[in-house]
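Below, read A as the first sequence line, B as the second, and so on, with proteins coming before strands; counting in each chain starts at 1. Predicted model, so just to flag it, every value in this text is computed and none were measured.
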There are 2 protein chains.
Amino acid sequence: MGITIKDVAKLANVAPSTVSRVIANNPRISEKTKEKVREAMRELGYHPNFIARSLANQSTQVLGLITPGSTDVFFQNPFFPTVLRGISEAAHEKQYAVQLTTGQTDEEIYEGVVQMVQGGRVDGVVLLYSRVEDRVLQYLRERHFPFVMIGKPYEFVEEITHVDNDNFRAAKDVTEYLLGLGHERIAFIGGNRELVVTVERLLGYEKALSDAGIALKEEYILYEEFLKEGGQEAVCELLALEEPPTALVVIDDLMTLGVLNTLSEVKVKVPTDISVVSFNNVLFAEMASPGITSVDINIFDLGYQAGKSIIQKVENPTEPTKRIIVPYNIVCRESCSKI
Amino acid sequence: MGITIKDVAKLANVAPSTVSRVIANNPRISEKTKEKVREAMRELGYHPNFIARSLANQSTQVLGLITPGSTDVFFQNPFFPTVLRGISEAAHEKQYAVQLTTGQTDEEIYEGVVQMVQGGRVDGVVLLYSRVEDRVLQYLRERHFPFVMIGKPYEFVEEITHVDNDNFRAAKDVTEYLLGLGHERIAFIGGNRELVVTVERLLGYEKALSDAGIALKEEYILYEEFLKEGGQEAVCELLALEEPPTALVVIDDLMTLGVLNTLSEVKVKVPTDISVVSFNNVLFAEMASPGITSVDINIFDLGYQAGKSIIQKVENPTEPTKRIIVPYNIVCRESCSKI
DNA sequence: TTGTACGCGTTATCAA
DNA sequence: TTGATAACGCGTACAA
């Protein structure tokens with residue numbers, strides 16, 4: 001079908017291997033033949049066949065991205081396109097292509113990863129999430145397949161290259177910010193408790209409270225799905241309490257949107273009646289009314305660093321384990337006030 | 001490195017070709033040897049190598065997705081993850097993998113497509129947008145490379161398989177809806193005018209007005225970027241008019257978010273002072289306050305159908321050109337009222 | 001500096 | 001029903 005190295009070789013009157021070397025810009029080829037070969041390539045409109053190259057090289061120049069099961073939820077969150085853009089940019093810089101897993105359920109995704117990996121479709125993968133006892137992670141570790149993770153590993157922190165924020169501190173910071181405003185009844189609305197990010201932020205929240213000498217209340221700690229519906233449910237539960245909180249730490253802007261919605265429905269005013277801080281600072285943190293005070297975790301950078309790291313690892317297998325902490329900063333808007 | 005067909009063959013005491021046939025479930029192999037081979041595969045944990053298979057087959061089982069240049073804008077819109085999910089699901093059903101282009105600028109994307117296509121990385125591609133005089137489209141057509149498009153082709157409508165809504169009618173419908181509410185001064189806020197979707201919806205808007213005997217006003221037709229900032233700018237311009245509109249047709253929910261924001265800043269009330277209808281019905285059409293009356297274009301289905309179509313085309317090159325029209329429906333919320 | 005020959009892991013054709 | 005053997009397009013030792 002397509003133009004191959006042989007066609008070029010014939011036209012340029014050289015051996016196929018010479019053409020191959022010209023493509024690789026091998027210094028041991030004379031400038032003269034290089035030019036001759038390049039001319040032939042141009043004339044024929046030659047483009048190297050990646051598949052054949054991959055087979056010969058045992059390397060594909062493709063990165064695999066692994067989303068958590070329940071892709072529908074994950075994709076809905078603006079977090080996803082933003083990390084994707086970050087990874088994509090890093091990939092582009094180094095001429096890597098990017099492939100996605102396609103399953104919906106955990107099982108499908110797992111199968112997809114096995115196919116990607118064992119099928120030799122990708123040189124390395126990036127895990128877009130971190131959860132407790134993850135089968136995919138375990139598999140990748142067992143096979144010693146190159147990967148990096150976005151988020152903090154649940155186990156083997158020292159052995160897994162990962163890109164993360166200091167979520168513990170971030171959560172501690174925002175909780176202290178609320179404490180500083182005079183709040184004492186502060187609730188925490190987390191996501192799925194199997195996600196490490198939930199755990200880390202919860203720990204930060206708890207630390208801030210205990211440092212301040214405030215007892216933790218079990219009924220102030222909720223875990224919901226990473227959706228606006230999650231936020232809605234949480235609010236209902238909290239408002240039903242006999243001593244409802246005066247401030248909320250919500251783990252994700254999307255959930256916060258649900259929170260704000262429900263609050264406005266039941267005529268609870270933000271921030272006068274209740275203060276809210278959130279995480280991720282995606283687009284609608286700004287667009288919501290009131291604007292949401294949110295921790296900007298630099299999602300793009302998370303992706304970009306992860307992309308760079310996995311490529312380094314692929315190209316240099318002896319690359320040491322790394323932990324990259326991306327800075328965060330709190331963006332204050334109108335969702336908090338003194339008590 | 002990995003386990004190959006040869007290892008399996010050796011263990012099962014058959015020829016490599018036999019193993020290959022077992023994998024393909026070739027009916028001319030006896031059940032007995034099939035079982036023997038499968039046992040060996042299990043024992044060794046064999047997984048077929050896609051790269052080798054691709055080379056032999058001249059087919060990769062990979063679909064390429066092509067985003068428009070200015071990926072940053074495109075990715076911000078919830079439209080993207082949703083189509084992606086649709087395509088992804090179709091791909092998964094047929095065991096296809098999905099690869100993304102990675103460039104930012106038009107030029108980079110174009111180069112990426114050429115690499116994908118000529119490099120033999122993908123069997124077919126889906127264009128996630130439709131614009132006037134698109135270089136990528138032209139390239140794909142010239143090479144007779146299998147592709148489908150989401151949106152209506154600018155040219156050669158009969159020759160390009162595409163998945164689209166009837167945007168003309170949808171825009172006409174919503175405009176007539178506003179007319180029915182008594183509005184006569186209706187403005188249109190479009191996206192980039194090179195995008196076919198902008199053109200189609202504009203035509204629908206114009207038709208509705210002219211059918212109603214209302215003269216078009218040039219100053220009521222604006223083109224902005226597909227971002228909330230676009231919506232903001234548009235509003236400023238419109239409000240500066242000596243006869244500002246009483247209703248707006250906005251081409252995208254994200255822009256509408258900007259519109260609402262700006263309106264609320266300048267204390268113009270929706271829907272009492274001005275009515276707004278929008279398109280796409282993404283998550284925050286519902287979450288905005290007031291809720292946005294928006295045309296649900298079934299984004300997921302757009303993607304799913306496109307995925308199915310490109311796979312059909314790849315697997316059967318003689319497949320006739322198709323045009324798939326995905327139905328839409330108007331979701332009424334609180335952003336419109338009688339004048 | 002360049003050419004020859006083989007291997008990468010499959011599939012497919014042709015014999016047996 | 002199965003086994004040799006030749007592709008698929010490229011990279012690379014080894015030879016020249």
Side-chain angles (χ1 to χ4, degrees), chain A residues 1-38 40-41 44-62 95 115-123 315, chain B residues 1-38 40-41 44-62 95 115-123 315:
Chain A
M1 293 292 255
I3 311 295
T4 80
I5 219 172
K6 285 184 192 167
D7 302 318
V8 178
K10 211 168 290 172
L11 182 62
N13 256 316
V14 294
S17 54
T18 303
V19 177
S20 176
R21 283 188 268 249
V22 172
I23 295 169
N25 202 12
N26 187 317
R28 302 188 311 188
I29 299 286
S30 73
E31 270 313 317
K32 203 173 136 200
T33 36
K34 271 188 186 170
E35 213 21 78
K36 192 171 59 177
V37 170
R38 285 191 186 123
M41 299 202 306
L44 295 173
Y46 169 79
H47 277 261
N49 181 312
F50 280 104
I51 303 298
R53 180 178 280 185
S54 298
L55 189 57
N57 276 343
Q58 302 288 70
S59 113
T60 59
Q61 298 264 110
V62 178
Q95 309 257 56
Q115 296 241 335
M116 261 191 179
V117 170
Q118 314 247 20
R121 278 208 208 258
V122 298
D123 291 342
E315 298 191 339
Chain B
M1 293 291 252
I3 311 295
T4 80
I5 220 173
K6 287 183 190 167
D7 301 318
V8 177
K10 211 168 289 174
L11 182 62
N13 255 317
V14 294
S17 50
T18 303
V19 177
S20 175
R21 281 189 270 250
V22 172
I23 294 169
N25 201 16
N26 187 318
R28 302 188 312 189
I29 298 286
S30 72
E31 271 311 318
K32 203 172 136 199
T33 36
K34 272 187 186 170
E35 212 22 77
K36 192 172 59 177
V37 170
R38 289 195 183 117
M41 299 200 309
L44 294 173
Y46 168 79
H47 277 261
N49 181 314
F50 280 103
I51 302 299
R53 181 178 281 186
S54 297
L55 189 58
N57 276 342
Q58 301 289 70
S59 114
T60 59
Q61 299 263 109
V62 178
Q95 310 257 56
Q115 297 240 336
M116 261 191 179
V117 170
Q118 315 247 19
R121 279 208 208 258
V122 298
D123 291 342
E315 298 190 340

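If you take NE2 of A:His47 and P of D:dG9, they are 16 Å apart, rounded to a whole angstrom. Atom pair B:Arg28:CZ and C:dA16:C1' shows a separation of 13 Å (rounding to whole Å applied). To the nearest angstrom, C1' of C:dT10 lies 12 Å from CD of B:Gln58. When rounded to the nearest whole Å, the span between CG of B:Asn57 and C1' of D:dG9 equals 14 Å. In this structure, B:Leu55 atom CG and D:dA7 atom C1' are separated by 9 Å, rounded to whole Å. Separating the CG atom of B:Asn49 from the P atom of C:dG7 is a distance of 17 Å, rounded to the nearest angstrom. With rounding to whole Å, A:Arg121 atom CZ is found 13 Å from C:dT10 atom P. Computed from coordinates, the A:Lys10 NZ to D:dC10 P distance equals 13 Å when rounded to whole Å.
Contact between the side-chain N/O atoms of B:Thr33 and the OP1/OP2 oxygens of D:dT2 is found at a separation under 4.0 Å. For B:Ser30 and D:dT2, the shortest distance from a side-chain N or O to OP1 or OP2 is below 4.0 Å.
One distance of note links CZ of A:Phe50 with CD1 of B:Ile51; it measures 11.5 Å at 0.5 Å rounding. The distance from atom CE of A:Met116 to atom NE2 of B:His47, rounded to the nearest 0.5 Å, is 14.5 Å.
Residue B:Tyr46 is in sugar-phosphate contact alone, with no base atom involved, counting any heavy-atom pair closer than 4.0 Å across all strands shown.
Residues from residues 16-26 of chain B that place a heavy atom under 4.0 Å from any atom of DNA chain C, listed by number: B:Ser17, B:Ser20, B:Arg21.
The shortest heavy-atom contact between A:Leu55 and B:Leu55 is CD2-CD2, 3.3 Å. Contact detail for A:Gln95 and A:Gln61: the closest heavy-atom pair is O-NE2, 3.2 Å. Taking all atoms of both residues into account, the shortest heavy-atom contact from A:Pro48 to A:Arg53 is CB-NH2, 3.4 Å.
Side chain of B:Arg53, nearest nucleotide from D:dG9, C:dT10, D:dT2: C:dT10.
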Quick one: side chains of residues 5-23 of chain A, donor-acceptor pairs under 3.5 Å with protein atoms, not counting sequence neighbours, listed by atom name and distance.
unit_1	atom_1	unit_2	atom_2	d
A:Asp7	OD2	A:Thr4	N	2.8
A:Ser17	OG	A:Arg21	NH2	3.3

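In this structure, a donor-acceptor pair under 3.5 Å is absent between the side chains of A:Asn26 and A:Lys34.
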